[in-house]
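Notes to accompany the following structure.
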Amino acid sequence: MDHTHFLASLTAEDRAHLTQRSDMLGLWHLGVHLSVIVALGAAISAGIPFWWLLLPVQGIAVVFLFTLVHETTHKTPFATPVLNEVVGHVAGFLVLLPFKWFRYFHLAHHRFTNDPERDPELQGGERPNTLGGYAWHVTGLPTWAGLARQILKNATDRAEDTYLPGRIRPSLRRESRWMLAGYATLTATLPFDGTLFWVWILPALLGQPFLRLYLLAEHGRCPAVANMFENTRTTFTSSMVRFLAWNMPYHAEHHAYPAVPFHKLPDLHRIALPHLSRTSDGYIRFTREFAASLGQPEMTSRDVAKQAAEHQI
C-alpha cells in the first residue's frame with residue numbers, strides 16, 4: 001500500500017487523534033532539550049574535569065535544534081501558532097538557519113521528495129556518491145557555508161529560488177538582516193568573553209557531522225518515486241535519539257502525513273509499520289551500508305518495480 005492509499009484508509013477518528021497538537025507536550029519537550037544545552041554549557045564554562053569531552057555532546061544537542069526548526073515549519077510542535085513562529089525563529093538563529101526561507105525550502109522538499117530535478121535538497125548536491133565527497137559532506141563545512149551564503153542572498157534581496165514566492169522577499173530580507181545584526185553583535189563580545197565560542201560556536205562545528213550522518217538516513221539511497229513509503233526511510237533507534245530529534249527518525253511516517261505533530265508520530269508509526277518499505281536498524285548500520293554503496297547508481301522507479309515483482313515471485 002502506498003502512502004496515498006494508507007492516508008485514505010484512516011478514519012476521521014484516526015485523523016483527529018493523530019493531528020492533535022499540544023502546547024504542554026511541546027513546551028515540556030522544548031524545556032528538556034534546552035535544559036540539556038544549558039546544563040552542558042554550564043559544565044563547560046565551569047571547566048569541570050575533562051570538560052572538553054563535553055564539547056561534541058553539547059554540539060549534538062545544539063545542532064539537533066534543526067529538527068525543532070523543521071517541526072515548526074509545519075506548525076505542529078505547539079497548538080498556539082505564535083509559539084511555533086517564535087520558537088522556529090529563535091532555534092533557526094542558533095543553527096544559522098533563516099526560518100522563513102527554510103519553511104518554503106522544506107515545503108518544496110515535501111512536494112518533490114527525492115526528485116533530482118525539483119527537490120531543493122538535491123539541487124545543491126546534498127547526497128555524496130564518492131568517498132571524497134562523502135567525507136567532505138560529513139564535515140558539515142559545506143552546510144555552514146551554504147547557510148551563510150543563503151542568509152547573505154536573502155539579506156541582499158538576491159534569493160531567486162523557484163520555490164520562493166515573490167511576495168515574501170521583503171520579509172526574507174528583514175529576517176536575514178536581523179540575523180546578521182545579531183551575529184555581528186555576539187561576535188563583537190568574543191574578544192572580551194569567549195563563553196559563546198566554547199558553549200555554542202565550537203560545539204556546533206563539532207556536532208554538525210553527527211547531524212549530517214543522521215540526515216543522510218532520511219532519504220539516502222531511496223528511489224526517486226512518488227510513494228513516501230519508498231522515497232523516505234524510517235530508522236529504528238534509541239529513545240534518546242528519538243527525543244533529541246523530536247521523533248523525526250519516524251521519517252517515512254512524517255512525510256506520509258506531515259500534519260502529525262512529533263508526539264503523535266509513535267502512534268502513526270504503529271499503524272504504518274506494515275507498509276514501510278525503507279527502514280534501517282539504527283544509524284550505525286545505515287552509515288556502514290551507505291558508505292559501502294558509494295559509487296553505485298541511485299535507485300530508480302524501475303528498480304523499485306523490479307524489486308516488488310521479485311518479492312511477489
Side-chain angles (χ1 to χ4, degrees), residues 18 22 24-41 43-44 50 52-72 74 76-77 87 91 94-95 134 137-140 143 203-222 228-229 232-258 260-293:
L18 290 169
S22 169
M24 182 183 69
L25 291 175
L27 288 171
W28 178 83
H29 200 110
L30 175 62
V32 176
H33 195 153
L34 292 181
S35 295
V36 170
I37 293 173
V38 171
L40 288 169
I44 292 169
F50 303 105
W52 44 272
L53 291 175
L54 297 178
L55 291 173
V57 182
Q58 169 77 331
I60 292 170
V62 169
V63 298
F64 268 80
L65 287 172
F66 166 83
T67 56
L68 171 59
V69 180
H70 160 267
E71 273 290 272
T72 53
H74 292 286
T76 53
V87 171
L94 292 174
V95 294
Y134 178 66
H137 173 83
V138 170
T139 67
T143 298
L205 291 172
L206 297 174
Q208 186 66 234
F210 294 92
L211 181 62
R212 291 302 103 199
L213 291 171
Y214 161 85
L215 291 174
L216 278 173
E218 293 182 343
H219 305 284
R221 313 309 292 181
C222 290
M228 298 299 179
F229 290 154
T232 305
R233 178 180 289 99
T234 283
T235 303
F236 306 117
T237 185
S238 68
S239 58
M240 182 179 67
V241 173
R242 286 195 301 271
F243 184 92
L244 195 62
W246 289 70
N247 274 336
M248 281 302 109
Y250 297 127
H251 209 62
E253 297 87 338
H254 165 70
H255 266 259
Y257 202 173
V260 175
F262 72 96
H263 58 90
K264 292 292 187 181
L265 280 175
D267 293 343
L268 179 59
H269 170 71
R270 284 188 283 273
I271 303 171
L273 182 58
H275 311 294
L276 300 182
S277 181
R278 304 290 160 189
T279 62
S280 183
D281 292 325
Y283 288 97
I284 293 176
R285 179 170 181 173
F286 169 79
T287 298
R288 287 200 304 262
E289 292 174 349
F290 185 89
S293 73

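Closest heavy-atom contact between G282 and T235: C-CG2, 3.7 Å.
Scored by the ring pair (Phe, Tyr, Trp, His ring centres under 6.0 Å) test, Y283 finds Y214 as partners (sequence neighbours excluded). Under the ring pair (Phe, Tyr, Trp, His ring centres under 6.0 Å) criterion, W28 pairs with F243, sequence neighbours left out. In this structure, Y257 has no ring pair (Phe, Tyr, Trp, His ring centres under 6.0 Å) partners at least two apart in sequence or on a different chain. Among residues two or more places apart in sequence or in another chain, the side chain to side chain contact (heavy atoms under 4.5 Å, CB included) test is passed with H275 by M1, F6, F229. Taking T139 as the reference, nothing meets the side chain to side chain donor-acceptor pair (under 3.5 Å) condition, with sequence neighbours excluded. Evaluation of the side chain to side chain donor-acceptor pair (under 3.5 Å) rule for S277 yields E230 as partners, not counting sequence neighbours. For the salt bridge (charged side-chain N to carboxylate O under 4.0 Å, His left out) test, no residue two or more places apart in sequence or in another chain qualifies with R288. Checked against side chain to side chain contact (heavy atoms under 4.5 Å, CB included), L25 has the following partners two or more places apart in sequence or in another chain: S22, H263. In terms of the side chain to side chain donor-acceptor pair (under 3.5 Å) criterion, residue partners of T76 (sequence neighbours excluded) are, by chain and number, E71. Every ring pair (Phe, Tyr, Trp, His ring centres under 6.0 Å) that F262 has, sequence neighbours left out, goes to H29, W246. Partners of Q58 under the side chain to side chain donor-acceptor pair (under 3.5 Å) rule, at least two apart in sequence or in another chain, do not exist in this structure.
Summarising the local packing, CG of L34 is surrounded by more than 12 heavy atoms from other residues, nucleotides or ligands at distances under 6.0 Å.
Between H251 and H254, the ring planes are tilted. Angles from 30° to 60° get that label.
The list of salt bridge (Lys or Arg N to Asp or Glu O under 4.0 Å) pairs with a residue in residues 265-275, not counting sequence neighbours, reads D267-R270.
Side-chain contact between F210 and V57 is absent, with no heavy-atom pair separated by less than 4.5 Å.
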